[in-house]
Amino acid sequence: MSSNNKTMIAQATIEDICEWAIMHGVAFRQADNTARHCPFSIAPMTMEHQVYNHLRRVVPLLTKLISNVSEDHVFLQSALADMAKADPFFGRLMSLHQQIHGNATHRFDPARQPLLLMRTDFMDDRQYGAKVIEFNGISAGMAPFGQRATELHQFMQRQWPEVYHSWLEDRSATPADNQGLTQLALGITTAARSIKADFNDQGAPVFLMVVQKNEDNVYDQHLLEATLQQQGIRTVRRTFEQLSAQLSTGTGQRLLLEGVGAIDVVYLRAGYQYSDYCAPALHEAVCCYTLSQMRVFIEQHHVALNATIGQQLATSKTMQMLLTMMPAQEYLRWGLTLAEAELVKSVLAEMKPITAATIAWFNTQATKAEWVLKNQGEGGGHCVFGDDISATLATLTVAEYDAWALMQRLYPHEREVPTLAIRDAKATVVTDLVSEIGLFSAYFNGKPVTELDGYAGYLIRSKPATENEGGIHSGKGILDSLVLID
């Protein structure tokens with residue numbers, strides 16, 4: 001025992017757990033095609049039942065709101081017009097959106113059936129309670145890793161109980177059930193079978209996963225593929241560049257893939273950044289035109305699709321800011337009751353647009369540690385903190401203001417006891433671990449498609465409080481799971 005009554009972990013135990021992680025797909029692929037386990041905590045984080053139940057209630061409402069906003073195409077084009085001028089990538093997305101849906105006076109009805117597979121990320125702030133960090137509507141991954149992290153801690157509890165309980169915050173806590181992989185697969189299966197039924201097709205459904213070149217986060221994706229296969233669904237993987245030469249149209253706007261046949265569900269694990277559409281061999285005068293047109297082509301077909309361009313726009317940082325700044329009553333236009341709208345408002349952290357007045361206020365009156373500056377980028381590395389905010393704001397032109405927003409910085413509760421982080425088969429004691437919880441949800445054609453009212457499990461990512469970037473893949477985060485206390 002150490003002086004703080006923690007059971008120190010033997011290297012043989014660490015290696016045993018890391019081997020379990022790799023054996024169960026909790027890993028990243030290396031350049032030489034070997035696998036490296038994802039970093040993880042040795043014991044779960046603790047959350048009060050009341051906080052967890054609150055998030056469980058609000059996430060289906062947030063998903064309903066985003067689902068309906070994503071299909072309000074006139075609103076999207078009006079509300080995001082200035083941001084699209086300031087951010088070239090979102091300007092391209094808006095152009096594609098207009099190409100698909102027309103304009104306010106001449107509208108089209110695309111054939112695709114929207115399948116919203118969303119992850120809403122929260123932090124439980126010490127002062128303000130649980131608040132939304134961001135919505136993830138495209139390439140919202142790691143639901144499989146979330147479920148596996150829960151299973152990893154269950155393995156720890158059975159195999160190494162003394163070590164597990166030694167590092168647990170509260171031995172009376174109970175694990176929070178996590179069916180992220182199972183429920184996400186159920187939502188996809190439901191959508192796939194619906195499309196098959198529309199064509200009276202009795203064959204096996206086909207699920208197309210659009211991926212990035214040289215992807216290293218493949219095991220998270222293959223876990224989903226294996227679960228879908230157990231439901232009788234075949235998965236095929238293609239990049240946008242491959243699709244540009246392989247997609248065609250069948251009878252009844254059926255989407256066809258060369259060498260495969262009809263496609264029932266398209267799931268984008270790429271498409272949230274310019275590089276996913278870049279094809280230097282095409283020598284295009286306008287970067288990414290050909291491959292981005294694959295988004296338009298797909299939406300013109302009768303296929304279940306995540307993410308539609310509308311979903312990607314509706315989960316942008318600017319839309320999050322606009323929804324945050326609206327009074328709750330305005331949400332009623334998207335199908336929420338006033339009580340539901342007020343519940344949604346309660347979890348939205350304050351955000352401010354970047355204007356000359358905002359910059360003057362920030363530089364002279366704001367407490368800089370209470371804010372974070374965000375652009376529209378997805379994934380890690382797109383946030384600016386503290387004193388760096390003023391320096392970044394000073395570099396922006398007026399034309400770039402609408403691509404950025406200030407957001408209230410959240411300070412979650414630090415874990416009350418130290419924990420062990422396992423990274424590259426080595427253990428490090430962390431005394432100030434904080435966590436964020438991403439809750440998954442699945443809606444098809446505006447309706448929940450899981451056994452849990454649209455809720456589809458969770459992903460816990462923890463990091464030292466001193467670190468700004470908490471991503472598992474691109475930051476200093478570690479996989480974690482959740483136990484609940486009264």
Side-chain angles (χ1 to χ4, degrees), residues 1-10 13-14 16-17 20-21 26 38-59 121-131 133 145-180 347 410-423 427-439 452 455 457-467 470 472 477-486:
M1 287 282 193
S2 68
S3 60
N4 63 358
N5 294 323
K6 295 296 179 189
T7 300
M8 297 313 292
I9 189 166
T13 304
I14 294 174
D16 188 36
I17 305 165
W20 185 100
V26 190
C38 294
F40 57 86
S41 68
I42 208 70
M45 70 163 286
T46 302
M47 177 179 281
E48 295 179 358
H49 275 280
Q50 179 182 354
V51 175
Y52 176 68
N53 292 336
H54 177 63
L55 297 181
R56 282 285 310 270
R57 286 195 303 271
V58 76
V59 160
D121 292 337
F122 295 86
M123 279 186 174
D124 187 13
D125 186 83
R126 303 167 198 168
Q127 181 177 354
Y128 300 105
K131 298 287 185 181
I133 302 169
F145 280 178
Q147 182 169 324
R148 283 289 190 264
T150 301
E151 295 166 356
L152 182 149
H153 284 150
Q154 290 169 347
F155 167 77
M156 274 291 306
Q157 186 177 11
R158 293 188 298 267
Q159 188 76 3
W160 307 99
E162 184 180 0
V163 173
Y164 173 84
H165 286 108
S166 171
W167 293 93
L168 195 63
E169 273 188 289
D170 189 326
R171 292 196 179 198
S172 69
T174 57
D177 184 42
N178 189 1
Q179 301 180 43
V347 297
L410 302 175
Y411 288 94
H413 304 271
E414 292 182 10
R415 202 166 293 194
E416 293 183 1
V417 299
T419 194
L420 282 182
I422 310 297
R423 187 185 299 273
T428 304
V429 176
V430 184
T431 59
D432 62 342
L433 205 67
V434 297
S435 303
E436 69 177 65
I437 177 170
L439 273 67
L452 306 168
Y455 170 67
Y458 63 83
L459 170 72
I460 305 290
R461 292 171 294 180
S462 300
K463 67 179 181 67
T466 52
E467 296 288 347
I472 304 297
I478 58 177
L479 280 175
D480 214 334
S481 75
L482 184 63
V483 290
L484 303 173
I485 57 173
D486 292 328

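Quick caveat, the model's predicted, so the values are computed rather than measured.
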If you round to the nearest 0.5 Å, how far is CE of Met156 from NE2 of His165? 10.0 Å
Do Leu482 and Ile437 have side chains that get closer than 4.5 Å, going by heavy atoms? yes
Taking the side chain as every heavy atom from C-beta outward, state whether Ile17 and Ile42 have any pair of such atoms under 4.5 Å apart. yes
Measuring from atom CZ of Phe122 to atom CG of Leu439, what distance do you get when rounded to the nearest 0.5 angstrom? 6.0 Å
Between Glu436 and Lys463, is there a salt bridge with N-O shorter than 4.0 Å? no
Please examine the side chains of Val483 and Thr174, heavy atoms only from C-beta on, and report whether any two atoms are closer than 4.5 Å. no
Carboxylate-amine/guanidinium contact Asp432 Arg415, below 4.0 Å: no
Can you confirm whether Leu479 sits close enough to Leu459 that some side-chain heavy atom of one is under 4.5 Å from a side-chain heavy atom of the other? yes
Let me know which of Trp20, Trp160, Phe40, Tyr164 forms a ring pair (Phe, Tyr, Trp, His ring centres under 6.0 Å) with Phe155. Trp20
Taking the side chain as C-beta and beyond, is there a heavy-atom pair between Glu48 and Asp486 under 4.5 Å? no
With side chain to side chain donor-acceptor pair (under 3.5 Å) as the criterion, how do Thr150 and Ser481 come out once you've worked through the C-alpha distance, each side chain's angles and the decisive distance to 0.1 Å? CA-CA 5 Å; Thr150 301; Ser481 75; 4.7 Å; no
Close side-chain approach of Ile9 and Leu420, heavy atoms under 4.5 Å: yes
Roughly how far, to the nearest 0.5 Å, is CG of Asn53 from CG of Leu484? 7.5 Å
Do Glu169 side-chain atoms and Glu416 backbone N/O form a donor-acceptor pair below 3.5 Å? yes
Would you say Glu414's side chain and Leu433's backbone share a donor-acceptor pair under 3.5 angstrom? no
Take atom OH of Tyr411 as the centre, draw a 6.0 Å sphere, and report whether it contains more than 12 heavy atoms from other residues, nucleotides or ligands. yes
Taken to the nearest 0.5 Å, the spacing of His153 NE2 from Arg148 CZ works out to 14.5 Å
Counting distance only, does the side-chain N/O of Arg461 pair as donor-acceptor with the main-chain N or O of Ile478 below 3.5 Å? no
Side-chain touch Val429/Trp167, heavy atoms, less than 4.5 angstrom: yes
Check the side chains of Ser41 and Asp480 for a donor-acceptor pair under 3.5 angstrom, ignoring hydrogens and angles. yes
Does Asp124 reach the main-chain N or O of His413 with its side chain, forming a donor-acceptor pair under 3.5 Å? no
